[in-house]
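Okay, so here's the structure we're looking at.
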Amino acid sequence: MVTAWLQSLCLLTLHLTTGFGQEGKFSGPLKPMTFSIFEGQEPSQIIFQFKANPPAVTFELSGETDGIFMIEPDGLLYYTRALDRETRATHHLQLAALDSHGATVEGPVPITIEVKDINDNKPMFLQSKYEGSVRQNSRPGKPFMYVNATDLDDPATPNGQLFYEIVIQLPKINNVMYFQINNKTGAISLTYQGAKELDPVKNPSYNLVVSVKDMGGQTENSFSDTTSVDIIVKENIWKAPDPVEVLENSTDPHPIKITQVRWNDPGAQYSLVEKEKLPKFPFSIDQEGDIYVTQPLDREEKDSHVFYATAKDDYGKLLALPLEIHVKVKDINDNPPTCPSALTVFEVQENEVLGSSIGIFTAHDMDEENTVNSILKYKIVDQAPKFPSDGLFLIEDYQGKVQLSKQSLKKQDTPQYNLTVEVSDQDFKTLCFLQVNIIDINDQIPIFEKSDYGNVTLPEDTAIESIILTIQATDADEPFTGSSKILYKIVQGDNEERLVVDTDLQTNAGYVKIKKPLDFETAPVSNIMLHAENPEPLVSGVLYNASSFASFKLIVTDVNEAPVFSQYLFQEKVSEDVAVGTKVGNVTARDPEGLAVSYSLRGDKRGWLKIDSVTGDIFSVAPLDREAESVYWVQVVATEVGGSSLSSTANFHLALTDVNDNPPRLAKDYTGLFLCHPLSATGSVIFEATDDDQQSFRGPQFAFSLGSGSLQNDWEISKINGTHARLSTKHTNFEERAYEIPIRIGDGGRPPLEAVVSLPVTFCKCVEGSCFRPVGNQEGIPTVGMAVGILLTTFLVIGIILTVVFVRMKNDKGKNNVENARVSELRPLSG
Ligand SMILES: *[C@@H]1O[C@H](CO)[C@@H](O)[C@H](O)[C@H]1NC(C)=O
Ligand SMILES: *[C@@H]1O[C@H](CO)[C@@H](O)[C@H](O)[C@H]1NC(C)=O
Ligand SMILES: *[C@@H]1O[C@H](CO)[C@@H](O)[C@H](O)[C@H]1NC(C)=O
Ligand SMILES: *[C@@H]1O[C@H](CO)[C@@H](O)[C@H](O)[C@H]1NC(C)=O
Ligand SMILES: *[C@@H]1O[C@H](CO)[C@@H](O)[C@H](O)[C@H]1NC(C)=O
Ligand SMILES: *[C@@H]1O[C@H](CO)[C@@H](O)[C@H](O)[C@H]1NC(C)=O
Ligand SMILES: *[C@@H]1O[C@H](CO)[C@@H](O)[C@H](O)[C@H]1NC(C)=O
Ligand SMILES: *[C@@H]1O[C@H](CO)[C@@H](O)[C@H](O)[C@H]1NC(C)=O
C-alpha cells in the first residue's frame, strides 16, 4: 500500500535536506528533519514516512501545522492544502512517537517545512500616480525622484526581482528620451540630452508611463504593473548674470553690490574664484549670492575683470559648474592731459614762409581712448617775448600742428620764443611748454673733406660693430642746428645694409660701422657711395652737389675657416653584440675653403672604435658592452689637410641596445642563512636573484629549480615572484652543518641564459631563535658558515685576540617570512 502511494508522489516536490542514507529518502526513523516544498502544489501529498520502534504505536504532530500538516498513526506525514509562502514561509513542527497509552516514547523531534516560492504574486506600484519635478540643466543620471513597487514573492528568487522601465514619454520630440529609470531601484533621472535640452519655457511638464515586471523582466511569464509619472520642469536660476559695468574711481562707500547669483535652493555656499591671479581681487560675495565690488576700481589699471562664482554644498562639493561674471570698468575723466615732455623744442629757419609747419605737438591722456575724456584740444596761451608781435604762432585745435601765423622770423629780432600751450580734455587743463628756436637759414651744403676714401680691406670675419672708416664733412651753417648737423647715408654699393654711419654730434665726424657680417664669397668688393645731408631742408636755390658725396672701396678678404661638421651631434644605435669591425656610424665635415678633411677620434676611452680618416665611417674594434656603457661618447675631429690644419670637433653618441649576455645570479651574499637544528618541522629560506641585463618594465622573470638530482629528496623550490623564490626542506633530518644547495636560475631572455648558483644554508643550534656557534670549533668542523670565518678574520686584523667568540645571529624580521623555523642573516656583534 505505502509503496504504491509513494510511487504516485510527485517526487520533485520533495527535497530532503538533512542527512539521510540512501535507503532513508522517503522513509526512516524519527529524527529531526527539514523538508522543502513549493507553495501552491496539489494538496494531499505525502512528505515522508516515519518508522517507530515498539512500544511506539502512533505519532503526534504539533506546532505550526496551520491545520495543513497531518500524520497517520503509521507515520505517514502529508499535507492537506496547498501551501502559501507569503502566509508562512517556514513551518516549525514537532513530532513524537507515542505508545498505546498515549505516553511519549520517542521525541518530540523538530520537523521543519520550508515553503519554496513560486511566482504567484504580481508586482504593484505603491502609488497609481507619481509627481515629481526636476530643475533644468540638472546633472544627468542624478535621481530626482523614485517610483517604488512591491512584490510579495521571495526577493531572493527571480519571482520577487523587479525590473523598472519607462514605456512612454510624452511629449517625445525627435524620438529623444529626456528621462531614464534605473531598472533595479526605480530612480528617475535626466538623460544627457534631457540635461541639455529640457526648457520650461518650451515645455514645462512631461508624463511618463513606467512599468515594473517581476522575474527580473527577463521572461515572457513575468507579471507587470504600470504607473503614471508627472514631471514638472523648473527653471534653473543658476545662470550667469549679464555683464556689469562699474564706474571707476567711485567715491561711494564700499562695498557696493554690483550683481547677484542664486542657487536653485537655499543653503548653498557661495564663493568667488579669480580667473587670472592678480595682486588684488576687489570683489566679494555674501551668503545670499550678492556680489560686491570692495574698493574703487581704476580703469587705467585694468579695464575689465572676469571671475567665477561657485555654489557648493555643505561638504564643499560643487553643485554646478561655476558661472562666469564679467565686470567692465567704465571710464570717468579722472586723468588730466600730460605734456609730451617738460619742455618741447622746435626749430624754425629764419626764412621760413608763412604757414610753414614747425612741428607737431602731441600731448597724452590716460582716459579711455576715443571718448570725450581723452580727446585733447590745444591752444597757445602765452608767447614770450611778444616781439615783434604777439600771436606769431598758431596751433591746430586737435592735431597740434604748430605753424607760423603772421610772418617769417628773424634771428636778430629774437632767437628764441617760449610758448605756453594749454591742453584740455573735457574737464582738465594742463599747461605745457614749447620752445621755438630761430635758426640760421640752411644755405650751406655739407662738404666732404675728400671725395675718395680709397680702399678699405677687411677680413670677412671682422666683428660686427667694428668701426672700419671715419669720414668727415663740414657745414658752414650755424653750429648745432638742423642746418649744420650732418646725416651720412650710404646711397650706393650696400643694398644688403651691411654698413651703417653714426654721426658725432660735436664734430660731425661719421663712423662707418659693420652692422651685418661680411662675406667674401658673396660680395668680395663693393664701391660704396656716401652722401652727407642736413636734417633741415636747404633754402630754395641751394642744392647738394658732388662735394656732398664721397666714396670708398670695400674689399673683403677670405678667411681660412675650420672644417664644419654637418651636425654638432651624431647619434647611432647598435646592438651590444655587433661583431668587431662592424660599421656603427659615420660623420661628415666640409671645409669652407674646399680643402680635404681628415677625421680622427678623441676620448675613445675604452678603445672600442676607430674612424676611417678619409670617409668618416666609424667601426667597432672591440666587443661592446652595454652593461659597461649604455651610451658611449666620443669626439670626432675633422682637420684640414694642408692649409693651416684648422680642426673642429663634434660629438658621436653610440647607444648600445641590450642583448641578453649576462646570466642570472644571486642578488646578494647569502652567507648568513640558517635553520635551527634539530628541525622541529620543515623550514624554509627566501632568496632573491638578479641579472645585469636591461630588464623589461615588468622586471625580470626568473625560473628557479634545484641544481642536481639527489637533492630532490631533501629540498624543494617554489617561486614567489619574478625575482624571489623559497627553498624549503622536505623533512627534518638534517645534520648540524652548512649545506651548499645548487640552484639553477634561468632568465628566460633572448637567448635564454641560465646559471647554477650555490646557496649556503647552515643548520645550527638556536638559543631564543638565534644561531649560536662557538667559533673556536671552526677548525674542527668544516661546516661552519663562511661568514663566521670572515668575521673572525676581521677581528684578528684589528688586533683583538679572542679565545672564544660567540657570534650571535639575530632574527631580523620577526616571524613574517619564517615557516616553522627561523630564517635570518648574519649580523656582526656590535653595540
Ligand atoms: C519602496 O518601498 C519599500 C516598502 O515600502 C521600502 O522598504 C523601500 O525603502 C522603498 N524604496 C524606495 C526607494 O523608496
Ligand atoms: C539594467 O540597467 C543596467 C545599468 O543600470 C544595465 O547594465 C542593464 O543592461 C539593464 N538591464 C536591462 C535588461 O536592460
Ligand atoms: C580718482 O579721481 C580723482 C579726481 O576725480 C583723481 O585725483 C584720482 O587720481 C583718481 N584716482 C584714480 C585711481 O584714478
Ligand atoms: C625761455 O625759457 C627758458 C627756460 O625755460 C629761459 O632760459 C629763456 O630765457 C626763456 N626765453 C625767453 C625769450 O623768455
Ligand atoms: C684698391 O684696390 C684695387 C683693387 O680692387 C686696386 O686696383 C687699387 O690699386 C687699390 N688702390 C689703392 C690706393 O691701394
Ligand atoms: C658745390 O657747391 C659749393 C658751394 O655751395 C662750391 O663751393 C663747390 O665748389 C661745389 N662743388 C662742386 C663739385 O661743384
Ligand atoms: C652616412 O653614410 C651614408 C651612406 O653611406 C649617407 O647616406 C649618410 O648621409 C651618412 N651620414 C652622415 C651623418 O654623414
Ligand atoms: C617578490 O617577493 C618578495 C618576497 O615576498 C618581496 O619582498 C618582493 O617585493 C616581491 N617583488 C615584487 C616585484 O613583487
Side-chain angles (χ1 to χ4, degrees), residues 339-348 350 358 361 380-393 402 409-421 431-439 450-460 468-469 471 480 492-494 518 520 522-529 550-558 664 666-668 670 673 683-691 695-704 717-728 743 745 747-748 759 812-819 823-825:
C339 302
S341 64
L343 178 68
T344 310
V345 179
F346 287 172
E347 279 183 348
V348 59
E350 274 194 324
I358 298 171
F361 186 84
I380 294 172
V381 292
D382 189 38
Q383 173 194 317
K386 296 182 175 40
F387 182 83
S389 70
D390 200 4
L392 290 172
F393 302 92
V402 179
L409 303 174
K410 287 208 175 63
K411 198 174 170 186
Q412 61 263 38
D413 288 342
T414 177
Q416 184 179 66
Y417 290 92
N418 286 340
L419 304 179
T420 305
V421 180
L431 296 180
C432 299
F433 300 99
L434 171 62
Q435 192 172 71
V436 180
N437 294 323
I438 316 304
I439 60 170
K450 54 182 168 186
S451 63
D452 187 358
Y453 284 89
N455 290 352
V456 176
T457 303
L458 300 170
E460 59 179 329
I468 60 168
L469 178 64
I471 54 179
F480 309 116
Q492 215 178 303
D494 188 30
L518 305 177
F520 167 79
T522 56
V525 179
S526 318
N527 291 305
I528 308 288
M529 181 63 74
S551 64
F552 69 93
K553 193 186 287 270
L554 176 64
I555 300 168
V556 178
T557 57
D558 195 17
L666 287 176
K668 52 186 167 186
Y670 276 106
L673 294 178
S684 69
V685 296
I686 292 173
F687 62 95
E688 181 185 358
T690 188
D691 190 318
Q695 299 299 341
S696 72
F697 67 94
R698 51 191 280 266
Q701 295 298 322
F702 296 118
F704 300 92
I717 282 201
S718 54
K719 179 168 171 168
I720 296 174
N721 54 32
T723 52
H724 288 69
R726 184 190 306 281
L727 174 69
S728 315
I743 289 168
I745 310 176
D747 65 7
L759 185 70
D812 65 342
K813 262 244 159 182
K815 298 175 184 178
N816 302 358
N817 49 2
V818 175
E819 287 183 354
V823 182
S824 180
E825 290 183 44

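Here the structure is a predicted model, which is why all the values come from computation and not from measurement. Each ligand, and each atom within it, is numbered from 1 in the order the structure gives. What's counted below: heavy atoms across the whole structure, side chains too, no hydrogens, waters or symmetry copies.
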Problem set entry | Nitrogen or oxygen of Lys553 less than 3.5 angstrom from that of ligand 5 | no

May I ask you to decide if [Y]'s main-chain N or O and [X]'s side chain share a donor-acceptor pair within less than 3.5 Å?
X: Tyr453; Y: Lys553; value: no
X: Asn455; Y: Thr457; value: no
X: Gln383; Y: Leu392; value: yes
X: Thr557; Y: Leu458; value: yes
X: Glu350; Y: Lys411; value: yes

Exercise. Under 4.0 Å from any heavy atom of Asn455, which atoms of ligand 5 are there?
Worked result: 1 (C), 2 (O), 3 (C), 8 (C), 10 (C), 11 (N), 12 (C), 14 (O)

For this session: Under the ring-ring contact (aromatic ring centres under 6.0 Å, His included) rule, collect the residues that match up with Phe552, sequence neighbours excluded.
Result: none

Problem set entry | Residues in side chain to side chain donor-acceptor pair (under 3.5 Å) contact with Thr522, at least two apart in sequence or another chain | Asp519

Exercise. Which residues pass the side chain to side chain donor-acceptor pair (under 3.5 Å) test with Asp558, sequence neighbours left out?
Worked result: none

Seminar exercise, completed: Numbered in order shown, the ligand 4 atoms found under 4.0 Å of a heavy atom of Pro385 are 13 (C)

Is there any protein N/O under 3.5 Å from an N/O of ligand 8, and what does the full list of such pairs look like?
residue  : atom   : partner : partner atom : Å
ligand 8 : 2 (O)  : Asn721  : ND2          : 2.3
ligand 8 : 11 (N) : Asn721  : ND2          : 2.9
ligand 8 : 14 (O) : Asn721  : ND2          : 3.3

For this session: Examine the proximity of ligand 5 to Ile555 and report which part, side chain or backbone, both or neither, has a heavy atom under 4.0 Å away.
Result: side chain

